[in-house]
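A short write-up of the structure that comes next.
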There are 2 protein chains.
Amino acid sequence: MKDVAAHARVSLGTVSNVLNRPELVSERTRKRVLASIAELGFVRNESARQLRGGGSRTLAYVVLDATNPFFTDVARGVQEAADAAGLALFLCNSGEDRERQAAYLDLLEQQRVEGVLITPVDAADPRIGALAARGTPVVVVDRAAGPGHCSVTVDDLLGGDLAVTHLLDSGHRRIAFVGGPRTIGQVRDRITGAERAVARAGTGELTVLETARLDVAQGRRAGERIAGLPAARRPTAAFCANDLLALGLLQQMVRLGLRVPEDLAIVGYDDIEFAEAAAVPLTSVAQPRHRLGRTAAELLLAEARSPDGHEHQQVVFAPELVVRASTGLGPLRSSTVA
Amino acid sequence: MKDVAAHARVSLGTVSNVLNRPELVSERTRKRVLASIAELGFVRNESARQLRGGGSRTLAYVVLDATNPFFTDVARGVQEAADAAGLALFLCNSGEDRERQAAYLDLLEQQRVEGVLITPVDAADPRIGALAARGTPVVVVDRAAGPGHCSVTVDDLLGGDLAVTHLLDSGHRRIAFVGGPRTIGQVRDRITGAERAVARAGTGELTVLETARLDVAQGRRAGERIAGLPAARRPTAAFCANDLLALGLLQQMVRLGLRVPEDLAIVGYDDIEFAEAAAVPLTSVAQPRHRLGRTAAELLLAEARSPDGHEHQQVVFAPELVVRASTGLGPLRSSTVA
DNA sequence: CTCACGTTTTGAAACGTTTCACCAACGACG
DNA sequence: CGTCGTTGGTGAAACGTTTCAAAACGTGAG
């Protein structure tokens, strides 16, 4: 900047004014300074600027798995809100790695970002509370958070309930839940929601097929197990804890010559793009991913703007069931006695 | 830091030493200082550190579409290399938006990141060259770049050639290429590669079904068009410019009661996770995404380490064909006269 | 001609680190 | 008992901005 000042024959202060409050500078000198900037290829040093007092104009979203479309969709919502507020968004991928997440949090705090959105590896990580306590606004996304910060989640109980209610309404009575491990809170909640639906209906039976992970391969394995059962005991419908499982399950059914939905109806969860693209489009529980991200970012911005009088909020969104061919289109068969 | 120094009754310099060269400080004082740091919740100000001379220890990957699994896989490779080098990686999503990309590039340059990886909205964007010219190492990912910087790409001609050669080898003679628009360089290359394969074989015929985009819906539409042709003129195989098209095409075939691969063999491109998860697992041209990212990051790091004696390299990877059920498993029928 | 006033421009302080030359203390050594 | 080397610690300069009080400059009124 010194060079620019010298080149344009003005003082440092004037260059700064051209950059930050151009209305204070006369047309003539402003042009001259801008020309010098262009000629010298000057690029403002953000560190110095920030050191002197400017904020960082930057948000970060520490995402659990950048490979998972769920999070990238959430990120789109975040991006939108950040754009609207004139802030840049950095995506940080923890990749489910506690250590990397910690490294990112440290770095972001040191960089004094305006705020951090995070889907934490471990919802109870004390670092997150500590970060918030030291003054960086934090919003937890898609995980329940203590009262120490804002959070934005989707109601998994309701999701499980919706899915199974739909299956019960379609006449199914032997229903399998496919998903796991139960150590994942969301899996637990979806099971609980499913059980709630069965209990409320007063009919039907839910069997849990626990899987080791939530991926396509595990869905295929579950498919083998289901197909291996004698028809009389075999469930007529499966509710999968996510769409990857559901796709794997669907694939295995096709491979084994069973028909979907006639032999097995399938409900997935997340409504990823490929749920609709499947050979038999998947019924799935859709989460308002975009709104989730947007709302999370808005909460964050609100907190960043008024750090004091800020009430932490726990926003819970309701999921929606998207019915497609994998559960048939009307009742599958007239319901047996209720 | 001043507060920490006062609290621990040492000088500023000592606190800095504890942080940066702990071996210079006696055990006793080091402990005392660390205790003060913990007690006061001190967090180093990265801006000041960087201003004084430390590098930013940060890379950024400006990605074209964070929603696209291709890029997130590339990002994983980048992440790996960055981790190995002890650098943090920020993901920036331009979302195909020229303006946002420009904003990110400005910001990153102002933040003096160690280097920028980018899959640009427009391969010929002069800003990228300008950035490199001003001294920020830049590597272009998945797009050809001029001699001004390094780039890492995959050979799309070869990819198209592989796909169509495979179909020809399987006995197909009427082959459709599904994809578009042709304004996309990669689409053009894949077509050219496909044509090359046909020309080399000296038999077979390639029809281009141009699509408006590379998504599932367009794949479905292409499916309708193909299914609508009289069987005698209908292609027996389709090579899709990406897996989304292929999935849409597959779905439409299933919906219309045509069988894959018996009535139509399908080859996709990209080998996304869901290619294998499809009801009929998709044959697809796999790009070494992970290695792409890793290599790109390594080139970047090499350039960052020795800005002077750096030869810009254009690395081209070869794609590989992954054969699955969507093209059958052996020759479909004995080949007619060559 | 002087003054007051509004507009531009200037100069220096401040931001929070790192670094480096230098100082103090201390034991060892001749 | 002076000298030297070592070890641990200090203080100030420097990094590149922004900001703000004050200086400089016109300009029109009195």
Side-chain angles (χ1 to χ4, degrees), chain A residues 1-37 40-58 86 88 106-114 134-136, chain B residues 1-37 40-58 86 88 106-114 134-136:
Chain A
M1 208 159 114
K2 220 178 346 184
D3 298 347
V4 173
H7 187 270
R9 310 174 158 279
V10 292
S11 74
L12 266 184
T14 301
V15 178
S16 175
N17 281 335
V18 169
L19 259 32
N20 302 304
R21 295 127 75 170
E23 71 281 4
L24 290 188
V25 181
S26 74
E27 172 92 11
R28 249 174 60 78
T29 44
R30 193 183 344 139
K31 284 223 164 118
R32 197 147 38 91
V33 170
L34 288 175
S36 296
I37 287 179
L40 299 181
F42 162 78
V43 176
R44 184 212 247 113
N45 183 323
E46 178 67 20
S47 298
R49 166 189 161 76
Q50 195 174 321
L51 176 57
R52 181 46 226 263
S56 68
R57 312 303 287 156
T58 284
D106 285 349
L107 179 63
L108 293 170
E109 188 176 14
Q110 290 173 14
Q111 294 206 351
R112 305 290 193 268
V113 294
E114 299 285 339
R134 283 192 297 266
T136 302
Chain B
M1 207 159 115
K2 220 176 348 183
D3 298 346
V4 172
H7 187 270
R9 311 174 157 279
V10 292
S11 74
L12 266 184
T14 301
V15 177
S16 175
N17 281 336
V18 169
L19 259 32
N20 303 304
R21 294 127 75 171
E23 72 282 3
L24 290 187
V25 181
S26 75
E27 171 93 12
R28 250 174 58 78
T29 43
R30 193 183 343 138
K31 284 222 164 120
R32 196 147 39 90
V33 171
L34 288 175
S36 298
I37 287 180
L40 299 181
F42 162 78
V43 176
R44 184 213 247 110
N45 183 323
E46 178 67 20
S47 298
R49 166 189 160 77
Q50 195 176 322
L51 176 57
R52 180 47 226 261
S56 67
R57 310 304 287 156
T58 284
D106 285 348
L107 180 63
L108 293 170
E109 189 175 14
Q110 290 173 12
Q111 294 207 350
R112 304 292 194 267
V113 293
E114 297 284 341
R134 283 192 298 265
T136 303

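Just so it is clear, the structure is predicted and the values come from calculations on it, not from any experiment. To find a chain, count down the sequence lines: A is the first, B the second, and so on, and within it residues start at 1.
B:Ser47 comes within contact range of no nucleotide atom at all, as no heavy-atom separation falls under 4.0 Å. Among the protein residues, B:Ser26 comes within range of the sugar-phosphate backbone only, with heavy atoms under 4.0 Å from sugar or phosphate atoms but none that close to a base. Within 4.0 Å of A:Gly53, counting heavy atoms only, lies no atom of the nucleic acid at all. Contact annotation for B:Arg30: no contact, since no heavy-atom pair falls under 4.0 Å across all strands. The residue A:Arg21 sits close only to the backbone: its heavy atoms come under 4.0 Å of sugar-phosphate atoms, none of a base.
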Q: Show your reasoning for whether side chain to side chain contact (heavy atoms under 4.5 Å, CB included) applies to B:Arg32 and B:Thr14.
A: CA-CA 11 Å; B:Arg32 196 147 39 90; B:Thr14 301; over 6 Å; no

Q: Show the numbers, then the answer: is there a side chain to side chain contact (heavy atoms under 4.5 Å, CB included) between A:Val10 and A:Val33?
A: CA-CA 8 Å; A:Val10 292; A:Val33 170; 4.0 Å; yes

Q: Please lay out, stage by stage, how A:Leu51 and B:Arg52 fare under the test side chain to side chain contact (heavy atoms under 4.5 Å, CB included).
A: CA-CA 11 Å; A:Leu51 176 57; B:Arg52 180 47 226 261; over 6 Å; no

Q) Given B:Val43 and A:Thr136, is the side chain to side chain contact (heavy atoms under 4.5 Å, CB included) satisfied, shown in steps? A) CA-CA 11 Å; B:Val43 176; A:Thr136 302; over 6 Å; no

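Two residues, A:Val15 and B:Leu24, neighbour DNA chain D, and the one matched to the more 5' nucleotide by heavy-atom proximity is B:Leu24. Taking the nucleotide of DNA chain C with the nearest heavy atom to each of B:Met1 and A:Leu12, the more 5' of the two is matched to A:Leu12.
Between the P atom of C:dG11 and the NZ atom of A:Lys2 lies a distance of 14 Å, rounded to the nearest Å.
Here the rule is side chain to side chain contact (heavy atoms under 4.5 Å, CB included) with A:Val4, and of A:Leu19, A:Leu12, A:Val18, A:Leu40 only A:Leu40 fits it.
Rounded to 10 degrees, the angle between the two end axes of the helix from C:dC1-D:dG30 to C:dG30-D:dC1 is 70°, with five pairs used at each end.
A distance-only check finds a donor-acceptor pair linking the side chain of B:Glu114 to the backbone of B:Ser56 [under 3.5 Å]. In terms of modelled atom types and a separation under 3.5 Å, the side chain of B:Gln50 and the main chain of B:Gln111 share a donor-acceptor contact.
Under the rule for a side-chain contact (heavy atoms from CB on, under 4.5 Å), the partners of B:Glu27 that lie at least two apart in sequence or sit in another chain are B:Arg30, B:Lys31.
Heavy-atom neighbours of B:Arg134 CZ from other residues, nucleotides or ligands within 6.0 Å: above the threshold of 12.
The span of DNA chain D lying next to chain A, judged by atoms under 4.0 Å from heavy atoms, is bounded 5' to 3' by D:dG16 to D:dT19.
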